[in-house]
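Beneath this line is the structure, given in structure tokens, with notes to follow.
Predicted model only: the values in this text are computed from it and were never measured. We use all heavy atoms of the structure for the numbers below, so side chains are in, but hydrogens, waters and symmetry mates are not. Within every chain, numbering begins at 1; the chains are lettered A, B, ... in the order of the sequence lines, protein sequences first and strands thereafter.
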Amino acid sequence: MKKFADRLIKWGIKEGRTALPWKDKINGSYDPYKIWVSEMMLQQTRLSAVLPKFNQFIRRFPDVEKLASSTLEDVIQVWAGLGYYRRARNLHEGAKIIVKERGKVFPKNAADWKTIPGIGMSTAAAISSFVNGEKVALLDANVCRVLCRRYCLENTNSRVKEKAQLMQLATNLLPKKKSEMAQYSQYIMDLGAIVCKATQPACYKCPVSEDCKSFNSEAVDLYPKKVKLTRREKQITWVLTMDRDLILLERQNKEELWKSLLVPATELQIKGNFPLPRKIFLRSYRVKVSNCDLTVNVWKRKCIFDTLKLTTHHRIVNKIMIRKVPVPRLLEKVLKDFDFWSDAS
DNA sequence: CTCCGGATGG
DNA sequence: CCATCCGGAG
């Protein structure tokens, strides 16, 4: 029987994800900047969502210096719609660190990558195995699932001890040659994403099923054991403050949902002693956002903006400009529902 | 350790 | 409509 790594790589060359836009080789190696950006985007986010964003991002910020010298607002604007906006803030922060404190030199190993904001064990291992061919085991959710099935491990709640055990097993499977690390890391994640999927695994096309313990005992569905996540109820109110064809937004700066994006302005101050015009209820939305079941009650209030006390974090936009500012996907939907979103290109 | 943060595709 | 996908703060 051929070794695990050999069978995996042979499979990957045919069925794995090749031709990724961040994997163009220059002088035989990958651009660490592009690999870094892509891995940050790929945290918690599927490839299909990342692909168009990555291209936009690189067009706007072609290298680490451009990213470091841009404003956070610009970075967030490109990131808008991807979710988990802390990643964008971390990326911007990391770019400044690499340019200002590290002489534009990227970390050379996983341990050093881990000191960059937003980089943990998985991302550090992914980047370093791609860029430096470092022989470090990569344990993201995909790899974790592959190994749990291979060795019949439930991995309930992924406790520290189980993590260590998986890390040991993952390390044992690594290829001997450093030159195979980049392919190996990519393809073991691809195997998890394409074949050894969370639901409906396609074992019939798995290159390593012959020594997969759960496959051989017809118990693939038992591993890893699924843990149900608890969602919390949450309610928020959005008041769309409108002045003719303009809407008033403000930057979300609190540690909350959509931090650093623009959301409908709250707590309006009016100049002088006049009451605010009354608001009328539009409708409510039920959505699952992050780990909460969210109810958003949407109101509308017509108002003359000249009568309001505005600050620097307020933004006034019309229905053309709205497409060029960073708003949550949900707000985009709401505004489209109420015809405040121009379809003109 | 536990909890939190967004959006999507099947 | 449910499952999925990492890192860090507390």
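Ile280(A) forms part of no hydrophobic cluster, judged by ILVMFWY side-chain heavy-atom separations under 4.5 Å.
Counting non-hydrogen atoms under 4.0 angstrom, Gln44(A) reaches a base of the nucleic acid. Within 4.0 Å of Ala198(A), counting heavy atoms only, lie sugar-phosphate atoms of the nucleic acid but no base atom. The residue Lys234(A) sits close only to the backbone: its heavy atoms come under 4.0 Å of sugar-phosphate atoms, none of a base.
Following rounding to the nearest Å, Asn155(A) (CG) and dC6(C) (P) show an atom-to-atom distance of 13 Å. Put simply, CG on Asp293(A) is 9 Å from P on dC2(C), counting in whole angstrom units. The NZ atom of Lys288(A) sits 9 Å away from the P atom of dA3(C) (whole-angstrom rounding). A straight line from CG of Leu47(A) to C1' of dC6(C) spans 17 Å, rounded to a whole angstrom. Atom C1' of nucleotide dT8(B) and atom OH of Tyr84(A) are separated by 11 Å, given to the nearest angstrom. Here the P atom of nucleotide dT4(C) and the CG atom of Leu42(A) are 18 Å apart, to the nearest Å. Summarising the geometry, the separation between CG on Leu294(A) and P on dA7(B) is reported as 11 Å, rounded to the nearest angstrom. Leu51(A) places its CG atom 14 Å from the P atom of dT8(B), with the value rounded to the nearest Å.
Each of Gly120(A) and Lys226(A) was assigned the nucleotide of DNA chain C with the nearest heavy atom; the assignment lying further toward the 5' end belongs to Lys226(A). Mapping Gln200(A) and Tyr85(A) onto DNA chain B via the closest heavy atom, the residue that lands nearer the 5' end is Tyr85(A).
The pair Lys333(A)-Asp337(A) meets the salt-bridge criterion, with a side-chain N (NZ, NE, NH1 or NH2) lying under 4.0 Å from an Asp/Glu carboxylate O.
The phosphate of dC5(C) (OP1 or OP2) has a side-chain N or O of Arg145(A) nearer than 4.0 angstrom. Within the structure, a side-chain polar atom (N or O) of Asn291(A) is placed less than 4.0 Å from OP1 or OP2 of dG5(B). Between Trp79(A) and dG6(B) there is no side-chain polar atom (N or O) within less than 4.0 angstrom of OP1 or OP2.
Taking the ring centre of Tyr30(A) as origin, the terminal cationic atom of Lys23(A) falls inside the region bounded by 6.0 Å and 45° from the ring axis. Arg283(A) forms a cation-pi arrangement with Tyr285(A), by the criterion of a distance under 6.0 Å to the ring centre and an angle within 45° of the ring axis.
Distance from the side chain of Arg329(A) is smallest for dT8(B) among the nucleotides dC6(C), dT8(B), dC5(C). Checking dG6(B), dC6(C), dC2(C) against the side-chain heavy atoms of Leu257(A) singles out dG6(B) as nearest. The side chain of Asp140(A) has dC6(C) as its nearest neighbour among dC6(C), dG9(B), dA3(C). Nearest nucleotide to the Ser290(A) side chain, out of dG6(B), dG9(B), dT4(C): dG6(B). When distances are taken from the side chain of Asn142(A) to each of dG6(B), dC5(C), dG9(B), the shortest belongs to dC5(C). Closest to the Ala141(A) side chain, of the nucleotides dC2(C), dA7(B), dC5(C), is dC5(C).
The aromatic rings of Tyr33(A) and Phe106(A) sit tilted, their planes meeting at an angle between 30° and 60°. The aromatic rings of Phe54(A) and Trp22(A) sit perpendicular, their planes meeting at an angle over 60°, well past the 30° parallel limit.
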